Number of protein chains: 2
Amino acid sequence: MIQLTETKKSIKPESPADKIIGQLKHLITSGQLKPGDRLPAERVLSEKFGVGRSYVREAILKLEFYGLLRTNPQSGTYVSGLSINVIDNIISDIIKFNKDDFNALIEARYHLEITAVKLAAERRTEEDLAEIKSASEDYENKLLNGADGAVEEDMIFHIKIAKASKNSVVESMILILIPDLIKNIVESKICGENRGKRAVAEHRKVLEAIEKQDVSLAEQAMAAHLDEIWQISKAGFATQHIIKQAEL
Amino acid sequence: MIQLTETKKSIKPESPADKIIGQLKHLITSGQLKPGDRLPAERVLSEKFGVGRSYVREAILKLEFYGLLRTNPQSGTYVSGLSINVIDNIISDIIKFNKDDFNALIEARYHLEITAVKLAAERRTEEDLAEIKSASEDYENKLLNGADGAVEEDMIFHIKIAKASKNSVVESMILILIPDLIKNIVESKICGENRGKRAVAEHRKVLEAIEKQDVSLAEQAMAAHLDEIWQISKAGFATQHIIKQAEL
DNA sequence: ACATAAAAATTGGTTAACCAAATATAGTTT
DNA sequence: AAACTATATTTGGTTAACCAATTTTTATGT
């Protein structure tokens with residue numbers, strides 16, 4: 001049955017902490033709080049915003065992670081020295097940061113993995129190689145044993161490559177995307193019958209390129225591997241999207 | 001490529017929340033907590049780990065951001081369905097995630113910006129173009145007015161390009177890196193006398209490429225721009241590194 | 001007047017207590 | 001025995017209270 005009243009798709013109410021972040025942003029953009037200034041005490045802010053101190057702390061914690069605030073224990077929290085313009089742009093992005101955009105997720109993953117595999121081919125140690133090879137074999141075995149999914153084993157393969165890139169930032173970013181990636185891929189029902197075997201062959205090509213430390217070959221092999229996933233994902237997402245709409 | 005010896009790790013004592021994350025990781029890797037299971041109540045965990053509930057909540061919040069836990073209000077918190085292997089890898093990375101690795105930071109930024117500028121050249125609207133042009137002019141004016149830094153105006157230029165990429169994930173990742181990037185660039189004293197003028201010329205080339213929607217030209221122009229910063233940064237960091245060591 | 005020290009106030013760090021929603025349990029009815 | 005309901009319990013959500021380190025103020029001595 002069709003319910004028109006409940007058209008809310010993943011509408012998530014703004015969390016209390018995000019609301020505080022928005023308030024702090026306003027304090028800064030309106031000039032009441034300048035770069036380098038000390039924030040009012042957490043208690044003051046919590047009263048000013050009419051909310052518990054926990055949420056103020058949560059907001060501060062988040063902004064600290066993004067490098068916009070710096071807290072000195074038992075002393076105070078300070079706004080970074082960045083210009084108002086920069087701070088404003090970053091805060092705006094923090095509030096609306098989500099990994100729900102399917103296409104953006106796949107696309108970003110594509111480019112990050114290309115970067116990672118090139119670095120990995122250049123820098124991999126023998127240990128890295130062994131780990132990647134092991135992950136590849138696990139994936140093959142899982143498929144041979146009849147499992148039609150093995151998305152996770154696939155991801156382990158990619159994780160090992162990311163680690164071999166010797167770039168902690170690139171690695172972390174890939175790691176951040178992986179859970180949502182898996183979720184979307186599984187939902188898209190990407191893994192078909194033939195897909196597994198082709199993926200195995202693709203993995204082997206990537207592995208060989210890394211072994212030979214052939215950067216451009218590694219890039220090419222990974223691009224081919226991800227391209228296929230990308231295409232299938234798009235198709236799968238399209239149908240999935242239609243299904244979801246029908247469910248309303 | 002030159003491998004700089006790892007600098008003294010800024011001795012950061014493991015935060016209480018990170019300690020909890022480590023404990024939770026152990027619970028999962030040891031099999032006491034399986035994928036899909038419900039976590040013990042926050043009160044139970046806080047007592048079990050001998051710490052306040054706040055820290056348990058902070059840890060859960062962090063793991064939720066990374067997609068490893070999912071909390072149902074007033075009901076319970078559940079471990080994601082991801083395999084233990086994947087969870088283990090991601091948690092390990094969360095704990096040691098920091099943006100302190102200078103080379104990794106610059107390198108990751110380089111690749112992200114190349115990706116962003118290619119997408120921006122392809123997808124930019126007229127509004128995007130105007131914003132980027134405006135940021136570029138602001139940068140030029142700041143330099144003309146005698147300021148020798150203008151690192152922040154430079155970054156605004158890059159932020160606008162990231163927004164024009166129409167990929168929220170890529171944009172967010174660039175935004176996350178920017179504060180640390182600025183900090184390192186300023187410390188490296190990159191901005192010399194001639195640097196400013198060259199940067200202006202480089203910006204213009206990037207802008208032109210985006211205007212013409214010439215993807216490969218945009219990539220080339222951005223690569224040239226970032227390459228120079230990269231080289232100078234390395235040198236600046238090397239000396240800075242020596243200075244810091246001397247300060248001990 | 002200035003320097004120094006003691007005490008009071010303020011800060012973020014941490015824990016405990018309270019609340020409403022969700023769930024499990026006991027009781028009642030059929 | 002099964003199904004429904006009222007009640008008690010457990011849960012995460014939220015706030016208030018306490019703590020120790022720090023900063024500011026005040027008092028004191030020279």
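Computed from heavy atoms alone, side chains included, the values below leave out hydrogens, waters and symmetry copies. Numbers restart at 1 for each chain; the letters A, B, ... are given by sequence-line order, proteins then strands. What you see is a predicted model; the values in this text were computed from it and never measured.
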Worksheet item: How does protein reach along nucleotides 16-22 of chain D, written 5' to 3' as B (base within reach of a heavy atom under 4.0 Å), S (only sugar-phosphate), or - (no contact)?
Response: -BBBBBS
Taking 4.0 angstrom as the limit, do [X] and [Y] come out as a salt bridge?
X	Y	answer
A:Lys96	B:Glu171	yes
A:Glu14	A:Lys19	no
B:Asp128	B:Lys160	no

Integer-rounded Å distance: [N] [atom2] and [X] [atom1]:
X	N	atom1	atom2	result
A:Asn72	D:dT23	CG	P	8 Å
A:Tyr55	D:dG12	OH	P	14 Å
B:Tyr78	C:dT23	OH	P	7 Å
A:Phe49	D:dT15	CZ	P	14 Å
A:Leu39	C:dT10	CG	C1'	15 Å
A:Glu42	C:dT10	CD	C1'	12 Å

Discussion item. Classify A:Thr71 by what it touches in the nucleic acid, base, sugar-phosphate, or nothing, heavy-atom distance under 4.0 Å.
Written reply: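 Here A:Thr71 touches the backbone only, sparing every base.
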Worksheet item: Above 12 or not: heavy atoms from other molecules or residues under 6.0 Å from CZ of B:Arg70?
Response: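 12 or below, so no.
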Fill in: Within 6.0 Å of CD in B:Glu64, more than 12 heavy atoms from elsewhere
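Enclosed.
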Item to complete: Decide whether B:Asn85 and B:Asn89 meet the rule of one side-chain donor and one side-chain acceptor closer than 3.5 Å.
Response: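 Yes, side-chain donor-acceptor contact under 3.5 Å.
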